[in-house]
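Worksheet: one structure, shown below.
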Amino acid sequence: MQRDGEALTLARRWPPRFDLSVETRLPRVARKGRLAHQVRQDLWRALQDLRGFSPCVSLRETPEGLVLRAGGQLDGAAPRAVAEARIAAVLEDRGNRARWIGWAA
């Protein structure tokens with residue numbers, strides 16, 4: 001995990017690479033590290049069958065709240081649009097979002 005002012009990046013491999021990525025907005029939370037860990041864990045669960053995928057999550061604060069970028073490094077061949085649609089499904093799931101916000105509050 002790396003913190004840089006109001007930004008936070010969580011990745012297993014360094015330097016982090018976003019070969020695939022999707023952004024969403026969330027309300028501010030007290031524990032951004034917890035939020036990043038939960039999102040990364042759910043991303044891994046949803047895309048663990050994607051060979052060569054290593055999830056990354058970055059958060060940055062804006063006046064409107066948090067901008068969360070989720071995706072990661074992909075060292076294999078995969079249809080990018082399909083993989084990004086799966087990432088978007090994880091990020092836009094209402095149950096996931098409620099759990100993440102509750103856990104990081």
Could you grab the distance from atom [atom1] of [X] to atom [atom2] of [Y], nearest 0.5 Å is fine?
X: Leu66; Y: Trp100; atom1: CG; atom2: CH2; answer: 12.5 Å
X: Leu8; Y: Arg3; atom1: CG; atom2: CZ; answer: 5.0 Å
X: Asp4; Y: Arg60; atom1: CG; atom2: CZ; answer: 12.5 Å
X: Leu20; Y: Ser54; atom1: CG; atom2: OG; answer: 11.0 Å
X: Arg69; Y: Ile87; atom1: CZ; atom2: CD1; answer: 10.5 Å
X: Glu23; Y: Ser58; atom1: CD; atom2: OG; answer: 7.0 Å

Distance-only criterion, 3.5 Å: show the donor-acceptor pairs between side-chain atoms of residues 44-53 and protein atoms not counting sequence neighbours.
| unit_1 | atom_1 | unit_2 | atom_2 | d |
| --- | --- | --- | --- | --- |
| Arg45 | NH1 | Asp42 | OD1 | 3.4 |
| Asp49 | OD1 | Arg86 | NH2 | 2.7 |

- Hey, is the main chain of Trp103 close enough, under 3.5 Å, to the side chain of Arg34 for a donor-acceptor pair? yes
Identify all side-chain donor-acceptor contacts of residues 25-33 below 3.5 Å with residues at least two apart in sequence or on another chain.
| unit_1 | atom_1 | unit_2 | atom_2 | d |
| --- | --- | --- | --- | --- |
| Arg28 | NE | Glu61 | OE1 | 3.0 |
| Arg28 | NH2 | Thr62 | O | 2.6 |
| Lys32 | NZ | Glu61 | OE2 | 2.9 |

- Any residue meeting side chain to side chain donor-acceptor pair (under 3.5 Å) with Arg97, in chain and number order, not counting sequence neighbours: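 Per chain and number, Arg97 pairs via side chain to side chain donor-acceptor pair (under 3.5 Å) with Thr24.
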- Query: Given the rule that I, L, V, M, F, W and Y join up when any side-chain heavy atoms are under 4.5 Å apart, are Ile101 and Val57 in one cluster?
  - Reply: yes
- Message: Tell me which pairs pass side chain to side chain donor-acceptor pair (under 3.5 Å) where either residue lies in residues 7-16, with sequence neighbours left out.
- Response: Arg13-Asp75
- Listed by chain and number, what are the salt bridge (Lys or Arg N to Asp or Glu O under 4.0 Å) partners of Arg80, not counting sequence neighbours?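 So Arg80 forms a salt bridge (Lys or Arg N to Asp or Glu O under 4.0 Å) with Glu84.
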- side chain to side chain contact (heavy atoms under 4.5 Å, CB included) with Asp93: which residues, sequence neighbours excluded?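 With neighbours one apart ignored, the set is Asn96.
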